[in-house]
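Computed from heavy atoms alone, side chains included, the values below leave out hydrogens, waters and symmetry copies. Small disclaimer: the values here were computed from a predicted structure and weren't measured.
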Amino acid sequence: MNSTQEHFDLERLKAIPITEVARHLGDTPHKKGVSHVTLCPWHDDHRPSLSLVVGTGRNYCHCFSCGRGGSVVDFVMQHEQWSFREACQWLSHEFGIVSTPVGSYVPQPVTKPKPKSAEPVYTYIPTEMADRLVSTSSSLCSCLMRLYQPEAVEWLAAEYRLGCYPMNGLDDYTVFPNIDLQGRVCNLKVQHYDTDPHSARFAHSDQTAYWLGSIWVREGRLQPGAQFKSTCLFGEHLLARYPDSVVVLVESPKNALFGTLAYPQLTWVATGSKSMLKRDVMQPLRGRDVIVIPDCDAIDEWAAAVSSMADLANFTVSDFCRLEAPPGQPKFDIADYLQQQQALF
């Protein structure tokens with residue numbers, strides 16, 4: 001490439017569809033949901049995990065495995081190990097966008113962006129503290145082992161890194177870790193479940209939830225004033241492990257666990273609560289095919305919410321729980337259905 005100094009039309013360069021840029025570089029991106037995927041140049045990628053997003057006002061790439069990405073120029077620089085200038089020269093030449101000689105360049109006034117508000121500094125729980133809790137001795141795993149093969153429940157606990165914790169005079173509280181795409185432990189939710197198979201509430205929680213992050217701060221095991229990230233899907237770390245699978249989005253972690261045991265070929269994740277179906281929480285699902293199975297009383301609300309996020313992923317909302325709910329059970333969920341089905345055998 002020649003060394004003549006020149007200015008580049010960055011606005012036009014960055015507007016070149018990134019899928020076309022990938023093809024000109026010799027890649028073969030294929031359609032996946034609302035975007036395309038190809039091999040990621042930021043890490044040793046053997047299964048395409050880089051999402052190429054093109055649409056109204058959108059033209060960028062993002063890897064759901066390593067978390068890297070950026071503009072068209074960033075992609076070319078990393079793909080070919082070129083400098084910024086070399087990448088711009090190649091794009092200008094390849095797509096016929098004429099650069100401007102220095103002498104004819106007329107600088108334009110620059111509007112200074114408004115300063116961004118400071119981002120919160122989150123504390124992540126050390127992985128080893130969470131890993132020490134991983135166990136199948138929890139109240140919920142005990143229930144699951146009455147319904148499914150113990151080997152399947154052991155695999156489930158390892159996948160989601162389910163734990164067990166002593167609280168309130170009991171030694172079998174269930175620990176649900178919230179682990180993000182980068183493998184960071186955002187927090188650990190703790191609940192107890194009814195383990196009596198003759199109870200009408202068998203495998204149901206007492207509804208009281210605790211967060212180990214806050215407990216460990218009070219106990220002095222974590223730094224005072226620690227702020228924990230709450231916008232993380234339960235099972236989010238599995239999205240990076242299984243980048244090509246269809247995702248199922250449900251409300252409670254228990255729904256995700258029952259679903260995984262029944263349909264392990266799908267990747268099940270949970271919001272943790274009805275109110276957490278928000279755009280920032282859904283970002284890790286970008287470009288994925290997602291089946292949404294709301295609880296019976298949330299179908300209309302969730303259908304309206306995901307319709308406003310159609311640019312993020314290929315969402316399909318199911319009214320399965322409404323169709324299967326027995327009379328008088330407005331909160332019927334997929335775990336209730338699968339538990340009933342499994343109890344028949």
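A donor-acceptor contact shorter than 3.5 Å is absent between the side chain of Asp180 and the backbone of Val185. Counting only distance, with no hydrogens or angles, the side chain of Asn59 and the backbone of Lys14 share a donor-acceptor pair below 3.5 Å. Under a 3.5 Å cut-off, the side chain of Gln78 and the backbone N or O of Pro41 do form a donor-acceptor pair. Side-chain atoms of Gln342 come within 3.5 Å of backbone N or O of Leu147 as a donor-acceptor pair. Side chain of His30 to backbone of Pro48: no donor-acceptor contact under 3.5 angstrom is found. Formation of a donor-acceptor pair under 3.5 Å by the Arg201 side chain with backbone atoms of Ser205 is found in this model. Judged purely by atom type and a 3.5 angstrom limit, Gln339 uses its side chain to pair as donor or acceptor with the backbone of Phe202. When atom types are taken as modelled, the side chain of Trp302 and the backbone of Ile293 share no donor-acceptor pair closer than 3.5 angstrom. Counting only distance, with no hydrogens or angles, the side chain of Arg288 and the backbone of Ser245 share a donor-acceptor pair below 3.5 Å. No donor-acceptor pair under 3.5 Å is formed between the side chain of Arg161 and the backbone N or O of Phe176.
The CZ atom of Arg218 sits 10.0 Å away from the CG atom of Leu212 when rounded to the nearest 0.5 Å. Summarising the geometry, atom CZ belonging to Arg58 is positioned 6.0 Å from atom CZ belonging to Arg286; distances are rounded to the nearest 0.5 Å. Taking OH of Tyr60 as the reference point, atom OG of Ser51 lies at 7.0 Å (rounded to 0.5 Å). Considering OG of Ser92 and CG of Leu10, their distance stands at 8.5 Å, rounded to 0.5 Å. With rounding to the nearest 0.5 angstrom, the CD1 atom of Ile18 is 10.5 Å from the CG atom of Asp27. For the atom pair CG (Asn314) and CG (Asp289), the distance works out to 4.5 Å, reported to the nearest 0.5 Å.
With a 4.5 Å cut-off on side-chain heavy atoms, His204 and Lys254 count as touching. Residues Glu301 and Lys274 are in side-chain contact: their nearest non-hydrogen atoms beyond the backbone lie under 4.5 Å apart. Using a 4.5 Å heavy-atom cutoff, the side chains of Ser142 and Ser137 are not in contact. The shortest side-chain heavy-atom distance between Ile334 and Val248 does not fall under the 4.5 Å cut-off. Residues Val134 and Leu162 fail the side-chain proximity criterion, which asks for heavy atoms closer than 4.5 Å. Residues Leu52 and Pro29 have side chains in contact (heavy-atom distance under 4.5 Å, counting atoms from C-beta outward). The shortest distance between side-chain heavy atoms of Val306 and Leu277 falls below 4.5 Å. You'll find the side chain of Gln89 reaches within 4.5 Å of the side chain of Phe8, heavy atoms only.
Of the N and O atoms on the side chains of Asn255 and Asp336, not one donor lies less than 3.5 Å from an acceptor on the other residue. Using modelled atom types, one finds no donor on one side chain facing an acceptor on the other under 3.5 Å when comparing Asn187 with Asn178. Side-chain polar atoms of Asp45 and Ser49 form a donor-acceptor pair below 3.5 angstrom.
Gln223 and Thr123 make their closest contact through NE2-OG1, 3.7 Å (heavy atoms, listed as atom of the first residue, atom of the second, distance). Contact between Thr271 and Met276 at its shortest, heavy atoms only, is O-CB, 3.6 Å. The shortest non-hydrogen separation linking Ala130 to Leu188 is CB-CD2, 4.0 Å. The shortest non-hydrogen separation linking Glu324 to Tyr337 is OE1-CE1, 3.7 Å. Closest non-hydrogen pair, Ala256 versus Ala270, comes out as CB-CB, 4.3 Å. Heavy-atom minimum distance, Ser35 versus Gly287: OG-CA, 3.5 Å.
Grouping the Ile, Leu, Val, Met, Phe, Trp and Tyr side chains by contacts below 4.5 angstrom, directly or via other members, places Leu181 apart from Leu50. Linking ILVMFWY side-chain heavy atoms closer than 4.5 Å, directly or via other members, places Phe320 and Val317 in two distinct hydrophobic clusters. Val54 and Val37 are not part of a single hydrophobic cluster, where members link through side-chain heavy atoms under 4.5 Å apart. By the rule that hydrophobic residues join a cluster once side-chain heavy atoms approach within less than 4.5 Å of another member, Phe64 and Val281 end up as members of one cluster. No path of Ile, Leu, Val, Met, Phe, Trp and Tyr side chains, each step under 4.5 Å between heavy atoms, connects Leu239 with Val250, placing them in separate hydrophobic clusters.
More than 12 non-hydrogen atoms from other residues, nucleotides or ligands lie less than 6.0 angstrom from OH of Tyr242. The environment of Gln182 atom CD is dense: over 12 non-hydrogen atoms of other residues, nucleotides or ligands sit within 6.0 angstrom. Within 6.0 Å of the CD atom in Glu11, the count of heavy atoms belonging to other residues, nucleotides or ligands does not exceed 12.
In this structure, Trp90 and Phe95 have perpendicular ring planes: the angle between them is above 60°, well past the 30° mark. Using cut-offs of 30° and 60° for the angle between ring planes, the Phe75 and Trp42 rings count as tilted.
At a threshold of 4.0 Å, the pair Asp196-Arg146 does not count as salt-bridged, since none of the basic side-chain nitrogens sits closer than that to a carboxylate oxygen. Ion pairing of Asp244 with Arg47 is present here, as a side-chain N (NZ or NE/NH1/NH2) and a carboxylate O approach within less than 4.0 Å. Using a 4.0 Å cut-off between a side-chain N of Lys or Arg and a carboxylate O of Asp or Glu, Asp300 and Arg322 qualify as a salt bridge.
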- Message: Go through it in stages, so that I can follow the logic: the residues are Asp206 and Asp194, the test is side-chain contact (heavy atoms from CB on, under 4.5 Å), and I'd like the CA-CA distance, side-chain angles, deciding distance and then a yes or no.
- Response: CA-CA 7 Å; Asp206 62 10; Asp194 187 341; over 6 Å; no
- Item | Stepwise side-chain contact (heavy atoms from CB on, under 4.5 Å) test for Leu261 and Leu156 | CA-CA 7 Å; Leu261 288 169; Leu156 184 78; 3.9 Å; yes
- Task: Please assess His43 against Ser65 for the test side-chain contact (heavy atoms from CB on, under 4.5 Å), listing each intermediate value before the final yes or no.
- Result: CA-CA 9 Å; His43 75 282; Ser65 180; 3.7 Å; yes
- Checking salt bridge (charged side-chain N to carboxylate O under 4.0 Å, His left out) for the pair Lys331/Asp297: CA distance, chi angles, key distance, verdict? CA-CA 6 Å; Lys331 295 187 178 296; Asp297 63 345; 3.1 Å; yes
- Evaluate the criterion side-chain contact (heavy atoms from CB on, under 4.5 Å) for residue pair Val76 and Trp82; output intermediate values, then yes/no. CA-CA 7 Å; Val76 174; Trp82 283 340; 3.7 Å; yes
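Ring centers of Tyr160 and Phe234: under 6.0 Å apart, within the cut-off.
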Side-chain donor-acceptor pairs under 3.5 Å in residues 164-175, sequence neighbours left out?
| unit_1 | atom_1 | unit_2 | atom_2 | d |
| --- | --- | --- | --- | --- |
| Tyr165 | OH | Trp216 | NE1 | 3.1 |
| Asn168 | ND2 | Tyr173 | OH | 2.9 |
| Asn168 | ND2 | Tyr210 | OH | 3.1 |
| Asp172 | OD1 | His192 | NE2 | 2.7 |
| Thr174 | OG1 | Ser139 | OG | 3.1 |
| Thr174 | OG1 | Leu140 | N | 3.0 |

